[in-house]
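To keep things clear, I will list the structure first and then write my remarks on it.
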Amino acid sequence: MTTSALSPTQPRLSVQAFWLTLSKFVAAIFNIALPILLVRMLTQHEYGVYKQAFLFSATAVNLATFGVGLSAFYYMPRQPQRGGQIALNILLYNVLAGFVPLLVLIFYPQALNLIFRTGDLQPYATLLGILVMLTLTSILVELMPTALQDVRSSTLFVVGTNLVRSALVLAAALLFRTVRSLIVATICSAVFSGAVLFRYLHQRFGRFWSHFDWHFFLEQLSYALPLGAYGVIYVIRKDLDNYFVSALYKPSQYAIYAIGWLEVPLISLFLESVAAVMVVRVSALQHEGRVEDIRRVMASAINRLAAVQFPIYAILLVAGRDLIVFFYTKAYEASWHIFAITITLILLNVFLYDPVVRAYQHLRKFVLIVRISVLVSLFILLAPVIRHFGMTGAAITAVLADLTERLMVGTKVWRTVAATCHDLPLFADLLRVAGVTAVAAAVAYAFRLLTVNQPLFLAIAAMGLSFVAVYITGFYLFRLPGWETISKEHFSQIFQSTMTKLKGAAS
């Protein structure tokens, strides 16, 4: 009965998810390509300063937002008639929050020296304050249409604004090759995004800025700010090791560390998609008291994540050094040691628990306590670890902190859903995925040894093709999780469905 009740909305939700995922995929491509080009246009010192500047601005933006923007996803569907007021409340909060770092950096630019322990960023203090303030507004150009379920505009804005930003930054790098020009180019892209946002909101709600309700503003803040505390702690912990390394090393050395912490945006995109679906499903099952089904659904999701992320981790581990040299030049080869450690998070992210935490409210307090404890431990440990073990020690400490949090929260989640050793067979696919991945990685490593004297591109291609050939073969032979989505029958169904729609459109 539940399935039939939801079925009328499923096609629309699937279409929305497809276009939003596609737009984020395109944006991720821009984000991957940009640093690959910048390392060839800037000196290592300049690239380190550039990474420090945008590390600061990203952290300041994430802290200042405090999750208020996400309140649109709660209020817009429930009170669509007040959409203009909801948007105005978020804009007003973000503007006020953005003035705080701007005023600090205008009147006390030395604050950047306290954080990074060098004077390289102080000349850009005012520009960084302006960037933070404008970014707090411009980021809403992607969020607002999504909250309003306007998929067409959301897709267009995500792709368009990222394209404009990448084009402006690359133009600045080509013409001026300075950190200042990159910051100014990013400010210009934020102004463009803000203008697009205001035009969109005006077309949607008219003179939305003329309808301010103080009591509704306070109500919206009271909903958003407590939830934002979780995000603030996560942001601080996520970036903390980068700040310690920046404070203890020169910008040129930090550039090595920053490349080593290279994120794989496409993996984040995949994780977000799975997590979004799982939050809805687990919440519904928890509401119905179907704990056993929660265990099965979570195990299935973990197995499917492993089928994608285990092979990605393995090929990055085998070919990582060559990929860094190929994409980021020989100057950044030392980043490989950091990269080999930090990609361990790809494995850890397989073990998803956030949907259960969101479904069971009593777990949120426990997660908050764990995150605060891990954050305090990082503050105490990072400085002495870096002094004794260098940047490698910082990366290991950060990964171990993530592992500790996952073990503690995972254990609590395991007990919450009443899981026992009898549920371990649900993860049998996990072992099969690990086995097939290990064989594919061994074959790829053999090809790496065979092509050690070949051009880098050929060596990488040989490793990649051999790994894919072995893994896909094992994927089909052992019917690993998700094999049905790329089976012949599935593609045949997609083809027939597409042809039927085309015939209908033609008639």
Side-chain angles (χ1 to χ4, degrees), residues 31-62 105 109-129 131-132 135 165-166 169-170 172-187 238-263 320-321 323-342 382-383 385-387 389-398:
N31 292 330
I32 292 172
L34 192 59
I36 293 174
L37 296 172
L38 288 179
V39 295
R40 289 165 167 79
M41 300 176 187
L42 303 175
T43 67
Q44 196 163 310
H45 177 85
E46 289 171 333
Y47 187 74
V49 175
Y50 161 79
K51 292 297 291 184
Q52 287 179 338
F54 284 88
L55 170 67
F56 170 80
S57 65
T59 304
V61 167
N62 288 328
L105 292 177
Q110 297 84 358
L112 292 171
N113 299 343
L114 300 176
I115 300 173
F116 294 99
R117 303 293 178 89
T118 68
D120 294 286
L121 283 184
Q122 185 174 333
Y124 314 118
T126 302
L127 284 176
L128 287 175
L131 176 61
V132 170
T135 302
R165 181 179 67 87
S166 299
V169 171
L170 285 177
L174 286 169
L175 294 173
F176 304 103
R177 296 177 183 264
T178 63
V179 175
R180 183 180 299 275
S181 67
L182 299 180
I183 298 174
V184 171
T186 310
I187 289 174
K238 177 176 174 290
D239 295 334
L240 192 61
D241 59 300
N242 281 269
Y243 282 100
F244 271 87
V245 172
S246 294
L248 297 173
Y249 287 90
K250 298 177 181 178
S252 58
Q253 295 169 301
Y254 174 68
I256 298 291
Y257 189 78
I259 293 294
W261 260 107
L262 177 69
E263 294 184 3
R321 182 193 295 270
L323 288 170
I324 285 177
V325 173
F326 181 74
F327 286 113
Y328 298 97
T329 75
K330 190 78 172 177
Y332 291 91
E333 185 176 7
S335 300
W336 155 245
H337 303 290
I338 307 299
F339 184 73
I341 297 166
T342 59
L382 273 172
V385 166
I386 293 173
R387 289 193 179 96
F389 302 102
M391 293 188 293
T392 303
I396 293 174
T397 304

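Since this is a predicted model, take the numbers as computed values, not measurements. The analysis underlying the following values was restricted to heavy atoms, covering all of them including side chains, and did not include hydrogens, waters or symmetry mates.
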With rounding to the nearest 0.5 angstrom, report the [atom1] to [atom2] distance, [X] to [Y].
X: L182; Y: L38; atom1: CG; atom2: CG; value: 6.0 Å
X: K51; Y: N242; atom1: NZ; atom2: CG; value: 8.5 Å
X: M41; Y: L170; atom1: CE; atom2: CG; value: 5.5 Å
X: T392; Y: I338; atom1: OG1; atom2: CD1; value: 4.0 Å

Subject >> Criterion side-chain contact (heavy atoms from CB on, under 4.5 Å) on R180 and L127, from CA distance to verdict >> reply: CA-CA 8 Å; R180 183 180 299 275; L127 284 176; 3.5 Å; yes

Subject >> side-chain contact (heavy atoms from CB on, under 4.5 Å) assessment of V245 paired with L382 >> reply: CA-CA 9 Å; V245 172; L382 273 172; over 6 Å; no

**OP:** Check step by step if side-chain contact (heavy atoms from CB on, under 4.5 Å) holds for I256 and Y249.
**Re:** CA-CA 11 Å; I256 298 291; Y249 287 90; over 6 Å; no

Original post:
Are L323 and W336 side-chain neighbours, meaning at least one heavy-atom pair lies under 4.5 Å?
Top reply: no

Original post:
Any side-chain heavy atom of L105 sitting closer than 4.5 Å to one from T126?
Top reply: no

Restricting to non-hydrogen atoms, name the atom on [X] and the atom on [Y] that form the minimum distance, rounded to 0.1 Å.
X: I36; Y: F327; answer: CG2-O, 3.4 Å
X: G48; Y: Y254; answer: O-CD2, 3.8 Å
X: G260; Y: T342; answer: O-OG1, 2.8 Å

Is there a donor-acceptor pair closer than 3.5 Å between any side-chain N or O of [X] and the backbone N or O of [Y]?
X: R177; Y: L42; value: no
X: T118; Y: K250; value: no
X: Q122; Y: G119; value: no
X: R321; Y: S335; value: no

Original post:
Can you name the one residue among I115, V61, D239, L131 that meets side chain to side chain contact (heavy atoms under 4.5 Å, CB included) with F56?
Top reply: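 Among I115, V61, D239, L131, the one meeting side chain to side chain contact (heavy atoms under 4.5 Å, CB included) with F56 is I115.
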
Subject >> Y243 vs T59, side chain to side chain donor-acceptor pair (under 3.5 Å): CA-CA, chis, key distance, verdict >> reply: CA-CA 10 Å; Y243 282 100; T59 304; 2.8 Å; yes

Subject >> Whether over 12 other heavy atoms sit under 6.0 Å from R117 CZ >> reply: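 No - once you tally the heavy atoms of other residues, nucleotides and ligands closer than 6.0 Å, there are 12 at most.
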
**OP:** Decide yes or no on side-chain contact (heavy atoms from CB on, under 4.5 Å) for F116 and L55, but give the supporting numbers first.
**Re:** CA-CA 11 Å; F116 294 99; L55 170 67; 4.3 Å; yes

Original post:
Parallel, tilted or perpendicular: which fits the ring planes of Y47 and Y50, with parallel below 30° and perpendicular above 60°?
Top reply: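 Answer is tilted, since the angle falls between 30° and 60°.
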
